[in-house]
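Side chains included, hydrogens not; waters and symmetry mates left out as well; all remaining heavy atoms used.
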Amino acid sequence: MGQRLTYWAFLGVIGFAAFLVLHSSIAFNAGAPIEENKSAIEGRTAELASQLGFSMDSLHLAAARTQHFNYYRTLKDTLHDSLPSPAVLNRRGLNLTGWKVNIGVAQKEGEGNMNEMSDYMTDLGRLQLRYDQEGRVRRISTYPQNYNPTFISGDSLFSIANHIVKDILGYPLGRYELDMVDVKDTLITTNEPGFGQQTLNLSDSRVGNNMIFNWHRSDPAYAGPESISLEVKPIIREQNTASLSTVRYGVSIESFEALDQYEPEQLDSTSSISNFSLITTFGSLGLLVVLVFFMGIKYINKGQVEWRRAIFILVSVVLGVVGWRAFYLMNTLNGFLNQTSEALYILNNLIFAAAMGLYAALAYIGWEALARSRDEGQLHLLDAFWRKRFFFRETGEGLLRGYALGGVLLGVFAVGLYLFGTEYYQSDSQYGFAEAIMEPKLLTINMSIWINVWLVALGHVGVVVGFLQTKLNNKWLLYGAGAIVIGFLLSGSGALVEVVGPEWYDIILFTAMAVLIIFALEISGLLTFSTAWWVFMAVLLVMPYWGSSSMNVAYVAWIQGFLLGVPLIYGFIAYRYGTPVSEMGGYIPEYQERMANHLRVEKEIEIARESQFKLMPLKPPVIEGVDVYGFFMPSFEVGGDYFDYIVGTNGTANSRVLNLTIADVSGKAMKAAMHAVFTSGLLLSRLHRDTPEAILREIAPTLHSRTDPQTFITCIIAQYHLTERKLRVANAGHCLPILKREGKAQFIYTPEPKYPLGLQNQVNYEAMEIDIREGDFLLFYSDGLPEAVNPKGERFGFDTLLGMVESLDTDSRPSNEISMDIKRRVQKFSDYQLADDTTIICLKV
């Protein structure tokens with residue numbers, strides 16, 4: 001093992017040791033492992049129900065593990081520094097933890113839709129029982145507006161009360177002294193289904209009104225509750241059958257309490273959530289959602305997404321959340337809810353699961369893109385995992401570092417709690433300590449942990465640290481800002497445990513841990529942190545089961561400990577015998593391949609664009625008495641138009657000519673550009689020496705043989721004789737040129753035939769001559785000009801083109817200004833979205 005890894009392992013062992021040593025002082029559940037599972041508590045309740053005079057045949061049970069923080073706060077406020085640790089209090093039998101069991105009936109179809117315990121028990125609840133850590137009934141309460149199913153028969157209220165407390169609930173009244181019997185003026189007004197029920201003779205209040213019996217502990221050596229209180233309601237039950245009428249005297253239990261010293265009436269915390277807690281919770285969630293969605297959408301728009309991986313994360317989280325909540329439904333609400341309420345519960349949780357899955361997928365997209373931009377080391381391991389390759393030395397090292405970091409985090413957490421003088425408690429979901437009632441427990445615990453690990457690793461840490469690294473170059477600033485942000489996020493929505501005390505305790509603790517997390521992320525990577533957070537949460541969540549005397553409960557701790565050990569052993573083996581991940585070869589994501597191909601194509605297109613423009617004249621020739629200018633605008637990066645103007649002699653030494661040509665290949669983009677380049681070569685080889693019609697006749701066979709049947713080229717060639725002022729024009733299917741003379745514009749109708757090049761092998765093109773006068777203006781153009789389309793779908797048109805030419809100031813303005821004016825007009829008309837390549841040549845004499 002390398003020296004640096006040895007240091008990590010040493011620190012991890014120290015952290016684990018510190019946590020175990022301090023655990024009895026920092027854990028609210030220390031000294032009170034869960035001794036009975038949910039099934040045992042429900043079985044105990046069913047037995048108790050028969051002793052309390054009712055059957056469970058038509059009733060249902062909902063059990064929940066309770067942590068009595070209100071009582072603990074009362075003890076802290078009363079005893080202050082003299083208060084022992086929760087472990088000591090739990091060993092003394094104080095009622096800090098236990099079970100709450102609600103007994104009720106099922107919803108009927110058509111009744112209100114409810115999915116929270118507090119909602120449905122208000123209408124459906126019949127009785128609530130609270131057990132302490134040892135399984136003794138500490139409290140019994142009823143729902144006053146609902147039917148009370150309890151009935152204990154007897155002839156004397158005192159004997160019934162003693163029977164309930166001593167024989168049924170198991171409290172040794174010989175160690176208690178009866179303080180008083182109070183008479184409560186409460187009439188009996190409820191009706192029991194199936195039985196005739198009447199009020200007793202209220203003239204004797206000791207018989208007809210509720211009776212409250214109060215005992216206090218008289219034996220100091222007995223470690224039971226300090227006081228016991230029982231309220232009963234005397235009732236008479238009359239049951240009539242066909243042959244017999246029976247009257248029974250007895251009581252129903254209205255309430256029962258066995259209280260320790262200083263134990264408040266209200267065990268559950270009734271204090272409202274503080275503003276600081278709301279800010280911490282919703283602020284952290286809001287910050288995470290905004291950042292994760294921003295980064296995820298950003299890289300989706302950039303195309304930097306491994307969709308297969310993102311979809312796997314989405315589906316896995318959705319299935320995990322839906323599965324966990326389905327188990328929760330089966331273990332709690334099932335039996336109480338009607339079909340409509342169950343359907344709404346499932347629908348709500350499907351929506352919630354979909355939102356969580358989408359969040360996780362976007363977090364993965366954002367983290368992976370950021371990690372690749374920094375070439376994070378352990379990202380190569382992730383690439384290898386997706387290729388079903390696991391046995392690497394770096395994998396083992398990452399796991400070992402993760403276990404070490406997990407131990408350090410546990411140690412820092414424990415020391416911080418100890419210094420604050422406070423404790424942590426279980427809060428694995430919005431329902432509190434839900435895992436205690438879940439079955440199959442090992443599956444649900446690990447589902448909960450792994451969902452938490454993925455969400456925290458990808459969102460709270462991966463995206464946040466990656467984002468800060470792109471914005472903050474200063475290392476100290478990164479650690480400072482990162483620790484504060486991650487500490488805030490983890491305290492608000494990251495952990496499956498909570499801390500007793502002010503919310504800033506959590507923030508300080510997780511901020512200190514965040515410094516180590518950022519360091520580990522920079523040194524190792526997300527695999528190390530994910531392993532560490534898994535170890536951290538698994539240890540904290542399994543501690544309530546550790547030390548249980550019941551094998552039905554203790555197996556959870558033993559098997560979870562085994563599960564924690566398997567990756568550790570694998571890490572040692574992989575680190576010792578695994579191959580380096582570099583031997584696998586580099587991995588290039590699909591989107592990076594696409595981006596590389598795209599960039600290569602863009603580069604090639606840019607080269608083609610530059611090459612195409614270089615084939616056309618960079619500046620017009622300077623000729624006395626003639627002003628010529630042209631331009632080419634492709635509708636894509638490259639286009640199928642070509643233009644040129646060349647001064648030549650046309651085969652004679654004393655006749656100088658200006659050769660002008662425009663060619664337009666059918667189609668657009670690269671295919672048309674290739675044909676345009678080929679055509680330009682044929683034209684350039686002949687423009688210096690041939691007449692327009694001869695050039696078209698000579699190149700027609702070549703273009704016909706070298707182009708596919710769907711491709712053709714229109715072309716116009718004009719030769720202006722500078723001394724004679726004659727213009728000779730030949731046209732191969734191109735747009736008619738425009739002549740503007742004395743302010744009037746008209747088309748020049750060139751002679752037949754006008755077949756485009758490439759359609760026929762042999763075409764006998766003809767030419768015409770026009771006398772040109774001083775002041776004449778000629779416009780040669782491709783069809784992109786008249787076929788320009790505005791946002792309404794209207795074409796520019798040839799008539800508009802003639803009108804535009806007439807409106808142009810061609811007398812005082814040079815050709816280049818006229819050309820730019822035409823360019824601006826057509827661009828504005830088409831909203832800068834050209835329908836086709838556009839080329840023009842302006843000739844002014």
Side-chain angles (χ1 to χ4, degrees), residues 301 602 605-606 608-609 612-613 616 620 628-644 660-673 675-676 710-716 718 731-741 743-750 754 756 777-844:
N301 290 334
E602 282 189 345
I605 289 175
E606 182 62 28
R609 178 185 176 90
Q612 185 177 26
F613 273 89
M616 302 178 200
V628 64
Y629 190 85
F631 68 79
F632 161 58
M633 286 193 303
S635 57
F636 293 93
E637 284 77 6
V638 291
D641 282 10
Y642 166 76
F643 82 96
D644 209 343
L660 306 98
T661 184
I662 294 178
D664 183 1
V665 181
S666 61
K668 300 178 181 66
M670 187 61 73
K671 180 181 178 181
H675 287 291
Q710 289 76 34
T711 302
F712 59 88
I713 303 103
T714 67
C715 181
I716 190 168
N731 190 350
H734 199 75
C735 299
L736 298 177
I738 296 175
L739 170 64
K740 181 181 179 183
R741 178 175 289 171
K744 182 67 175 178
Q746 60 182 357
F747 293 110
I748 300 175
Y749 292 93
T750 54
K754 296 179 181 178
F777 172 79
L778 290 105
L779 177 66
F780 302 88
Y781 55 93
S782 65
D783 59 1
L785 181 56
E787 292 181 1
V789 180
N790 66 14
K792 297 180 180 179
E794 301 168 341
R795 291 188 180 277
F796 193 78
F798 288 96
D799 293 337
T800 304
L801 180 57
L802 279 177
M804 181 191 70
V805 173
E806 289 185 352
S807 67
L808 292 171
D809 181 9
T810 57
D811 294 330
S812 60
R813 301 170 68 189
S815 291
N816 65 327
E817 291 186 10
I818 298 172
S819 298
M820 291 301 101
D821 193 356
I822 296 173
K823 181 178 181 179
R824 284 190 295 270
R825 293 191 186 199
V826 71
Q827 286 179 324
K828 184 176 181 180
F829 177 82
S830 61
D831 196 22
Y832 297 88
Q833 299 293 325
L834 297 177
D836 196 2
D837 305 329
T838 302
T839 304
I840 69 169
I841 296 177
C842 295
L843 176 62
K844 182 179 176 183

Quiz prompt | side-chain contact (heavy atoms from CB on, under 4.5 Å) against K828, all qualifying residues, sequence neighbours excluded | solution =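 Here no residue qualifies.
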
Quiz item: Quick one: side-chain contact (heavy atoms from CB on, under 4.5 Å) partners of T800, sequence neighbours excluded?
Solution: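 Here the qualifying residues are F796.
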
How close do [X] and [Y] get, counting heavy atoms only, and between which atoms?
| X | Y | value |
| --- | --- | --- |
| G784 | D836 | CA-CB, 4.0 Å |
| I822 | C842 | CD1-SG, 4.1 Å |
| R813 | K844 | O-NZ, 2.7 Å |
| S635 | A835 | CB-C, 4.4 Å |
| D837 | G639 | OD2-CA, 3.3 Å |
| E806 | A745 | OE2-N, 3.1 Å |

Exercise. Enter the distance from T711:OG1 to H675:NE2 here, rounded to the nearest 0.5 Å.
Key: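 Here the interatomic distance stands at 4.0 Å.
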
Is [Y] close to [X] at the side-chain level, that is, under 4.5 Å between some pair of heavy atoms?
| X | Y | value |
| --- | --- | --- |
| V789 | F829 | no |
| R741 | Q746 | no |
| I662 | H734 | yes |
| I748 | L736 | no |
| L778 | I738 | no |
| M820 | S815 | no |
| L779 | L739 | no |
| F747 | L802 | yes |

Exercise. Could you tell me which residues satisfy side-chain hydrogen bond (donor to acceptor under 3.5 Å, both in side chains) with D664, sequence neighbours excluded, listed by chain and number?
Key: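 In terms of side-chain hydrogen bond (donor to acceptor under 3.5 Å, both in side chains), with neighbours along the sequence ignored, D664 is linked to no residue.
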
Quiz prompt | N301, CG atom: more than 12 neighbouring heavy atoms under 6.0 Å | solution =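 Atom CG in N301 is crowded, with more than 12 foreign heavy atoms closer than 6.0 Å.
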
Quiz item: Going through the distances and angles, do F631 and I840 end up as a side chain to side chain contact (heavy atoms under 4.5 Å, CB included)?
Solution: CA-CA 6 Å; F631 68 79; I840 69 169; 3.0 Å; yes

Exercise. Please check if any side-chain donor atom of S782 sits under 3.5 Å from a side-chain acceptor atom of D641, or the reverse.
Key: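 A donor-acceptor contact under 3.5 Å links the two side chains.
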
Practice problem: Give a yes-or-no answer on whether the side chains of D809 and S812 include a donor-acceptor pair shorter than 3.5 Å. | Solution: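 Yes, a side-chain donor-acceptor pair sits under 3.5 Å.
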
Practice problem: Go through M633 and T839 one step at a time and tell me if the side chain to side chain contact (heavy atoms under 4.5 Å, CB included) criterion holds. | Solution: CA-CA 6 Å; M633 286 193 303; T839 304; over 6 Å; no

Exercise. Could you walk me through whether K823 and L785 pass side chain to side chain contact (heavy atoms under 4.5 Å, CB included), step by step?
Key: CA-CA 9 Å; K823 181 178 181 179; L785 181 56; over 6 Å; no

Quiz prompt | Among F643, Y781, Y642, F613, ring pair (Phe, Tyr, Trp, His ring centres under 6.0 Å) partner for F632 | solution =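 Single ring pair (Phe, Tyr, Trp, His ring centres under 6.0 Å) partner of F632 among F643, Y781, Y642, F613: F613.
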
Checking the side chain of [X] only, and the main-chain atoms of [Y] only, is there a donor and an acceptor separated by less than 3.5 Å?
| X | Y | result |
| --- | --- | --- |
| R795 | E787 | yes |
| T661 | I716 | yes |
| D831 | Q833 | no |

